[in-house]
Participant: 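One structure follows; several queries about it will come next.
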Amino acid sequence: MTIKEVSEMYGLSRETLRYYESVGIIPSVTRKSNGIRNYCEKDLAWVELAAKMNRMELSIDIMHQCVNYCIDNGLQPHLPNHILQRHKEYLIMKRELIDETIDRLNEEIVPKDT
């Protein structure tokens, strides 16, 4: 598959796909003899993982941890539970901070006379 087709399939821009490949989030993609990317099933599995991580708004560092965990342990691309749990805890903490900020704002906002 071409980068254009993969981009459309997974909702990631071609630039994002190239970036993820350049930083190792998507391990080196299969190429034709002329150097053009030619995504095969193995590559698509990594792209799918990258797309999931992107939608979950994982940082590049956490994305690297996921990819390295899979590679180091000879596993298929997936999101390891321990990393997902850590990210969930982070999001809960972030939500609590946002809720506190909204509460403070609500206390400060003066209602308009209607």
Side-chain angles (χ1 to χ4, degrees):
M1 294 183 80
T2 67
I3 193 169
K4 181 178 188 257
E5 293 168 325
V6 172
S7 171
E8 291 169 358
M9 179 184 284
Y10 290 98
L12 296 172
S13 71
R14 288 178 260 187
E15 293 77 15
T16 298
L17 289 169
R18 287 185 194 103
Y19 172 72
Y20 284 167
E21 185 182 352
S22 73
V23 298
I25 300 301
I26 300 172
S28 61
V29 173
T30 307
R31 293 179 182 262
K32 295 180 182 180
S33 59
N34 61 2
I36 301 292
R37 288 172 181 81
N38 184 29
Y39 292 83
C40 67
E41 276 189 49
K42 166 188 71 76
D43 303 322
L44 294 179
W46 288 108
V47 172
E48 186 172 335
L49 176 63
K52 283 180 186 177
M53 294 188 295
N54 181 284
R55 284 190 305 273
M56 291 180 182
E57 299 182 4
L58 297 177
S59 70
I60 293 296
D61 287 342
I62 294 174
M63 289 181 177
H64 273 120
Q65 289 174 28
C66 289
V67 170
N68 291 336
Y69 178 83
C70 292
I71 291 171
D72 292 347
N73 292 290
L75 302 171
Q76 295 297 314
H78 75 286
L79 292 164
N81 280 337
H82 70 280
I83 292 175
L84 289 175
Q85 184 62 40
R86 233 180 25 223
H87 187 59
K88 178 183 170 186
E89 291 166 4
Y90 164 76
L91 290 175
I92 290 169
M93 179 196 69
K94 188 175 175 180
R95 180 177 60 193
E96 289 169 355
L97 290 172
I98 290 170
D99 288 344
E100 288 174 16
T101 302
I102 289 171
D103 289 344
R104 276 187 252 120
L105 286 169
N106 285 335
E107 291 171 4
E108 294 296 323
I109 293 173
V110 178
K112 288 185 182 179
D113 291 337
T114 54

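All figures in this text were calculated on a predicted structure; none of them were measured in a lab. Computed from heavy atoms alone, side chains included, the values below leave out hydrogens, waters and symmetry copies.
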Participant: Which donor-acceptor pairs under 3.5 Å do side chains of residues 66-80 form with protein atoms, sequence neighbours excluded?
Facilitator:
| residue | atom | partner | partner atom | Å |
| --- | --- | --- | --- | --- |
| N68 | ND2 | H64 | O | 3.2 |
| N73 | ND2 | Y69 | O | 2.8 |
| H78 | ND1 | Q76 | O | 3.0 |

Participant: In the hydrophobic cluster built from side-chain contacts under 4.5 Å, what are the other members alongside I98?
Facilitator: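 Same cluster as I98: I102.
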
Participant: Which heavy-atom pair separates I60 from Y19 by the least distance, and what is that distance?
Facilitator: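 So the minimum-distance heavy-atom pair works out to CD1-CE2, 3.9 Å.
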
Participant: If I take atom OH from residue Y20 and atom CG from residue L12, how far apart are they, to the nearest 0.5 angstrom?
Facilitator: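 If I round to the nearest 0.5 Å, the distance is 6.5 Å.
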
Participant: Just wondering, more than 12 heavy atoms not from Q85 lying within 6.0 Å of its CD?
Facilitator: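 More than 12 within 6.0 Å, yes.
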
Participant: From E41 CD over to M1 CE, what is the distance, rounded to the nearest 0.5 angstrom?
Facilitator: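 The distance works out to 11.0 Å.
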
Participant: Could you tell me if Y10 and N54 have a donor-acceptor pair between their side chains, going purely by distance under 3.5 Å?
Facilitator: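 No, no side-chain donor-acceptor pair sits under 3.5 Å.
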
Participant: If you count every heavy atom of other residues, nucleotides or ligands that lies below 6.0 Å from K42 atom NZ, does the total exceed 12?
Facilitator: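 More than 12 within 6.0 Å, yes.
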
Participant: At what distance, to the nearest 0.5 angstrom, does CD1 of I26 lie from OH of Y39?
Facilitator: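 Between atom CD1 of I26 and atom OH of Y39 there are 5.5 Å.
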
Participant: A side-chain contact here means heavy atoms from C-beta on lying under 4.5 Å apart; do I25 and M53 qualify?
Facilitator: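 Yes, side chains in contact.
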
Participant: Nearest 0.5 Å, what's the CD-CG distance between Q65 and L58?
Facilitator: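 Spacing of CD (Q65) from CG (L58) equals 9.5 Å.
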
Participant: Knowing that exactly one of L44, D43, N38 qualifies, which makes a side-chain contact (heavy atoms from CB on, under 4.5 Å) with V29?
Facilitator: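 Result: among L44, D43, N38, D43 is the only option passing the side-chain contact (heavy atoms from CB on, under 4.5 Å) with V29.
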
Participant: Nearest 0.5 Å please: distance from the NE2 atom of H82 over to the CG atom of L84.
Facilitator: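 H82 atom NE2 to L84 atom CG measures 9.0 Å (nearest 0.5 Å).
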
Participant: Using the salt bridge (charged side-chain N to carboxylate O under 4.0 Å, His left out) rule, collect all pairs that involve residues 85-101, keeping only residues at least two apart or in two chains.
Facilitator: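 For residues 85-101: E100-R104.
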
Participant: Do L91 and M56 have side chains that approach each other closer than 4.5 Å (heavy atoms only, starting at C-beta)?
Facilitator: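 When only atoms from C-beta onward are counted, M56 and L91 do not touch, as no gap falls below 4.5 Å.
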
Participant: How long is the gap from CG on N106 to OG1 on T101, to the nearest 0.5 Å?
Facilitator: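 The CG atom of N106 sits 11.0 Å away from the OG1 atom of T101.
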
Participant: Specify the closest pair of heavy atoms between R14 and S7, including all atoms of both residues, with the distance to one decimal.
Facilitator: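 Nearest pair, atom of R14 first, then S7: N-OG, 3.7 Å.
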
